[in-house]
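Remember, it's a predicted structure, so these values are computed and weren't measured experimentally. Chain naming here is simple, since letters A, B, ... match the order of the sequence lines and numbering starts at 1 in each.
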Amino acid sequence: MDDDPWPALWHAVTAWYAAHRRDLPWREPGTSPWAVLVSEVMLQQTPVARVEPVWRAWMRRWPTPAAFAAAGHDEVLRAWGTLGYPRRALRLHGTAVAVVERHGGEVPRDREALLDLPGVGGYTAAAVRAFAFGERDTVLDTNVRRVLTRLLDGLPLPPPSLSRAEERRASDLLPPGPADSALWNIGLMELGALVCTARSPRCEACPVAERCAWRAAGYPPDPYADRRRAQAWEGTDRQVRGRLMAALREATEPLPLEALPAWHDEAQRARALTGLVADGLVAVTGSPARYRLPGR
DNA sequence: AACCCGTGGCG
DNA sequence: TCGCCAAGGGT
């Protein structure tokens with residue numbers, strides 16, 4: 001009965017998804033491709049729970065690429081708030097401008113056109129094509145990678161970097177039809193987010209536990225563990241940048257250097273500030289210099 | 001390829 | 001408590 005296992009696997013995952021999917025706002029019927037794109041960018045490395053309220057307010061304020069393209073960088077960065085990685089907000093703005101200028105205000109469906117947009121990489125392009133346009137494409141995010149690695153390789157976590165072989169396999173697994181493939185993609189993602197989680201997988205609730213190679217092998221440990229060493233955080237430039245950006249989001253007028261958050265290493269604070277200016281996240285005005293969020 | 005880029009919550 | 005992790009992308 002297992003001479004053709006893939007259809008059974010597809011069905012198990014998509015049926016589970018139909019029964020257990022979360023009602024996330026960007027999944028509601030009628031959500032525009034632009035709204036889907038905005039959600040995908042916000043969700044890059046940021047949990048659903050923190051994205052949801054920001055996304056709702058965002059789409060109410062700027063429903064279309066044209067509306068958002070007309071916003072200033074300062075209001076964009078304040079609306080982005082504490083989602084993190086604020087360069088994403090500026091890239092999203094650049095994407096809105098590009099969509100207006102190059103695509104008549106409509107999010108393109110073409111993969112290459114999507115990849116040309118700032119802040120849109122392989123994952124986001126595939127997600128927009130699959131979830132906004134119903135195209136058949138391979139959506140390979142951290143959830144899907146983890147589920148497939150456990151299910152098929154018998155390892156707890158995927159390799160640190162995404163390989164062509166991994167992409168090829170995921171592509172080969174895709175159901176033939178566009179509608180089925182989109183459901184398979186979102187089903188795998190949701191399974192990874194709710195059941196096959198990184199920390200404490202709930203295998204008793206998994207629709208494909210009986211087929212899982214990691215489970216069958218007795219949950220062997222992660223062979224790449226030594227290569228996953230988390231990037232240092234305490235005392236990094238990133239931490240300083242975060243402090244500076246938080247202060248500038250709150251400020252109602254430009255701040256002189258001495259009014260910016262203190263830091264034990266003044267040279268590092270200056271370097272971080274220079275970096276923020278170079279990234280377009282901070283603007284300098286006047287003499288002596290004062291700092292604020294950039295305008296348009 | 002390796003490193004950089006925020007923030008908050010959970011086990 | 002604290003390390004790890006979260007719908008990645010750019011360089």
Given side chains that start at C-beta, do those of A/W26 and A/V38 come closer than 4.5 Å, heavy atoms only?
-> no
Name the nucleic acid region contacted by [X], choosing base, sugar-phosphate or nothing; use a 4.0 angstrom heavy-atom cut-off, strictly under.
| X | value |
| --- | --- |
| A/T236 | nothing |
| A/A198 | sugar-phosphate |
| A/W80 | nothing |
| A/G192 | nothing |

Of the residues in residues 28-56 of chain A, which ones touch DNA chain B at a heavy-atom distance under 4.0 Å?
-> A/Q45, A/T46, A/R50
Quick one, which residues of residues 138-160 of chain A touch DNA chain B with a heavy atom under 4.0 Å?
->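 Going residue by residue through residues 138-160 of chain A, none turns out to have a heavy atom under 4.0 Å of DNA chain B.
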Does a donor on one side chain and an acceptor on the other come within less than 3.5 Å for A/R238 and A/Y85?
-> yes
Sequence neighbours left out, what passes side-chain contact (heavy atoms from CB on, under 4.5 Å) with [X]? Give chain and number order.
| X | answer |
| --- | --- |
| A/R27 | A/Y17, A/R21, A/R22, A/L24, A/I186, A/E190 |
| A/T142 | A/R146 |
| A/P53 | none |
| A/E75 | A/R61, A/W62, A/A71 |

Using the test salt bridge (charged side-chain N to carboxylate O under 4.0 Å, His left out), find all partners of A/R50 that sit at least two apart in sequence or belong to another chain.
-> none
Contacts of A/D141 that satisfy salt bridge (charged side-chain N to carboxylate O under 4.0 Å, His left out) - sequence neighbours left out = none
How do A/F131 and A/G119 order along DNA chain C: which one's closest nucleotide is nearer the 5' end?
-> A/F131
Listed pairs under 3.5 Å, donor-acceptor, residues 284-294 of chain A side chains, sequence neighbours left out:
none

Could you give the distance separating C/dT11 and B/dG6 at their P atoms, to the nearest angstrom?
->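 Per the computed distance, 14 Å lies between those P atoms.
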Using the P atom as the reference point in each nucleotide, state the distance between C/dA7 and B/dC10 in Å, no decimals.
-> 14 Å
Show me the donor-acceptor pairs within less than 3.5 Å that the side chains of residues 191-210 of chain A make with the rest of the protein, sequence neighbours left out.
| unit_1 | atom_1 | unit_2 | atom_2 | d |
| --- | --- | --- | --- | --- |
| A/T197 | OG1 | A/S200 | O | 3.2 |
| A/R202 | NH1 | A/L194 | O | 3.1 |

Residues within residues 244-262 of chain A bordering DNA chain C, heavy-atom distance below 4.0 Å = none
May I have the list of side-chain donor-acceptor pairs in residues 175-184 of chain A shorter than 3.5 Å, sequence neighbours left out?
| unit_1 | atom_1 | unit_2 | atom_2 | d |
| --- | --- | --- | --- | --- |
| A/S181 | OG | A/G177 | O | 3.1 |
| A/S181 | OG | A/P178 | O | 2.8 |

